[in-house]
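First comes the structure, then the notes that go with it.
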Amino acid sequence: MWGRHSIRRYPIGNMSVRVRFAPSPTGLLHVGALRTALFVQLFARNQGGKLFLRIEDTDRSRYNPASEQEFIETLNWVGITFDEGPHVGGPHSPYRQSERKEAGIYAPLAQQLVDAGHAYPAFDTADELTEMREIQQINKQPTGYFGGKWRDATPDMVEAAKAEGKPYVLRQRVPRGIKITVEDAIRGRIEFESDTLDDSVLIKTDGMPTYHFASMVDDHLMETTHIMRGEEWVSSSPKHALLFDQFGWPRPTFIHLPVIVGSDGKKLSKRHGATRVLDYMAQGYHPHALKNFVALIGWAPGDDRESMTEAELIAAFDLRGLQPSPGKFDLEKLRWLNGHQIRQMTIDELLENLLRYVNDPYVKSYWNAPDSDGDIPNPEVWPRLERLAGAAAGDIEYFKAALALEQERVQTLADFGEALEFFLVEQPAMDEKAVKKWLTQPHVPALFEHIIANPGSTTEHYDALLRAYGEANGFEKLGPIVHPTRVALTGKTFGPGLFELMALLGPARVEARLRRALAAD
RNA sequence: GCUCUGGUCGUCUAGCGGUUAGGACAUCGCCCUUUCACGGCGAAGAUCGCGGGUUCGAAUCCCGUCCGGAGUACCA
């Protein structure tokens, strides 16, 4: 009689899609969770369905009150917003499981399961359970509660224990000797022998439901059509599917997303860049670039597109493009995508993004936070970024022109700090090596005097001036003219075109810096 | 241990019985050029984890095997 439930499949039909992102508020939002949220969002929007947020806070001991805020803020930064959730309400309120428990949603349903014989009370103590597991391990048997002394306890035993006031949990009664087949949208059919599944706790002694119970009950109550979650859940998916069957509820479609691992194939960690999504913001990544990048780990549009807009991502999203194998996080590709994103912006968009970036309090605290050794990883970054905010408040046209000259040369917003420095500081730091190589050449003083004697303010002026000087003085190539001048003006050997940069700097700065270089000789 | 699950260039991937196994990032070279980038062009890079089988033909189907990963909690 049980087999019937295990193989029955309930068509989703044309119910409209409802999907959810259901994190446990225990810590920070990391990139793996972001990817899940992103796929859920892309799927919902592609299908024209509804997307909701549910907070799975059934573990009081691990609850972190700052966490929910972190999730919402971070998701908001990347542009993932919810149709329903604890912060916006909705037809299935409340959206926090602790509140749902208080509202008495779970208890009657648990009782319903007990009455139907699909769940039973178990009075084992923590010590008894530990001992049981130890014995199982010694005997090399699977660990878990495969019946214990309470699965088949007589009503008298149960009554006696209850009368004694012993605390108890409610466990799911997994039928024996059947196959449970779970249909996973990515992996296809997954078969489990019910005998390998233990009787999980559904309701804890304090009356709080476990994930197994609360999540499935809520998914049914909230009319979830597709359960998208991390692949760490596939092992327990037969219990979840079974629970739907035991309630007589239609099973939603299960979609287990593969994990994202670091470049070494191990769990993603600080060494690979960052695990906290907000840290990518602090490092100057554009939310869309991060999204675009993360979407491409474990999913492909089916054609060769790499850089896609939000609308393209939504239009192209398809469950069939999902990959079953774990994906590695390749920071280089993220950097490329980010540079690409920066180059696609207009100057005004770029300026807006940059200003929002440098004025964000988290960016400041990120770059000033000591690492585990107590050091600031790169103490030069923040002072430079801070200077950008000040400079933009001054001559905005000058700032935008400088921004335009560096736009093609950076990969992150943070890179602008260093790239723009010589435009904003009257006496930029000099690269020692470059000074030694270029400013010591004998023709340099005369060259600089010539430039000072012929001030101008256009690219064309300096282009013509320096070319003519080179020809008149027998230089076959422009290098000996251009390089020393660049070093004197910027302190560096690389950067935007020299003539553009001179025109923007203007004759006063050009003269001051050339004189400084002459004096240093 | 047991149960699931994954395995195509360094990386992300296309591929669905017949392809010189395609693209992108990274790498290298050339072009552009005053440098660095950007952009363009090109090269190198995968006997499709390994071994059998089915087939005229296999990365694609079947079996086995190896190596990863996850789960095995009154955590999610």
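Numbers restart at 1 for each chain; the letters A, B, ... are given by sequence-line order, proteins then strands. What you see is a predicted model, and the numbers here were worked out from it, not measured in a lab.
Among the heavy atoms of the strands lying under 4.0 Å from A:Gly497 is at least one base atom, whether or not backbone atoms are also near. In this structure, A:Phe293 reaches neither bases nor backbone, as no heavy-atom distance under 4.0 Å exists between it and the strands shown. Contact annotation for A:Arg335: no contact, since no heavy-atom pair falls under 4.0 Å across all strands. Backbone-only contact: A:Thr58 has heavy atoms under 4.0 Å from sugar-phosphate atoms and none from a base. A:Gln323 comes within contact range of the sugar-phosphate backbone alone, with a heavy-atom separation under 4.0 Å but no base atom that close. Nucleic acid contact for A:Leu498: base, since at least one base atom lies under 4.0 Å from a heavy atom of the residue. Residue A:Ser236 is out of contact with every strand shown, counting any heavy-atom pair closer than 4.0 Å. Heavy atoms of A:Arg320 sit nowhere under 4.0 angstrom from any nucleic acid atom. Residue A:Val169 is classed as a base contact, given a heavy-atom separation below 4.0 Å to a base. At a threshold of 4.0 angstrom between heavy atoms, the contacts of A:Lys140 are confined to the sugar-phosphate backbone, with no base atom among them. A:Asp198 comes within contact range of no nucleotide atom at all, as no heavy-atom separation falls under 4.0 Å. Across all strands, A:Gln136 comes closer than 4.0 Å to no nucleic acid atom at all (heavy-atom distances). Looking at heavy-atom distances under 4.0 Å, A:Gly298 makes contact with sugar-phosphate atoms alone, never a base. Looking at heavy-atom distances under 4.0 Å, A:Glu306 makes contact with a base.
One can place CD of A:Gln137 at 15 Å from C1' of B:U3, the figure rounded to the nearest angstrom.
Distances from the side chain of A:His212 to the nucleotides B:A76, B:G23, B:C25 place B:A76 closest.
Side-chain contact between A:Arg54 and A:Asp219 is present, with at least one heavy-atom pair separated by less than 4.5 Å.
Taking the P atom of each, B:U60 and B:C16 are spaced 12 Å apart, rounded to whole Å. To the nearest whole angstrom, the two P atoms, one in B:G29 and one in B:A70, are 40 Å apart. B:U5 and B:C25: their C1' atoms are spaced 28 Å apart (whole Å). Taking atom C1' on both nucleotides, B:G49 is separated from B:G7 by 6 Å, rounded to a whole Å.
Side chains of A:Gln172 and A:Gln246: a donor on one and an acceptor on the other come within 3.5 Å.
Rounded to the nearest 0.5 angstrom, A:Met216 CE and A:Leu202 CG are separated by 10.5 Å. One finds the NE2 atom of A:His483 at 7.5 Å from the NZ atom of A:Lys437 (value rounded to the nearest 0.5 Å).
The side chain of A:Thr196 places no N or O atom within less than 4.0 Å of a non-bridging phosphate oxygen (OP1 or OP2) of B:U72.
The partner of B:G42 is B:C28, judged by Watson-Crick or G-U wobble contacts that both fall below 3.5 Å.
Nearest-nucleotide mapping onto RNA chain B: of A:Val482 and A:Arg62, the residue sitting toward the 5' end is A:Val482.
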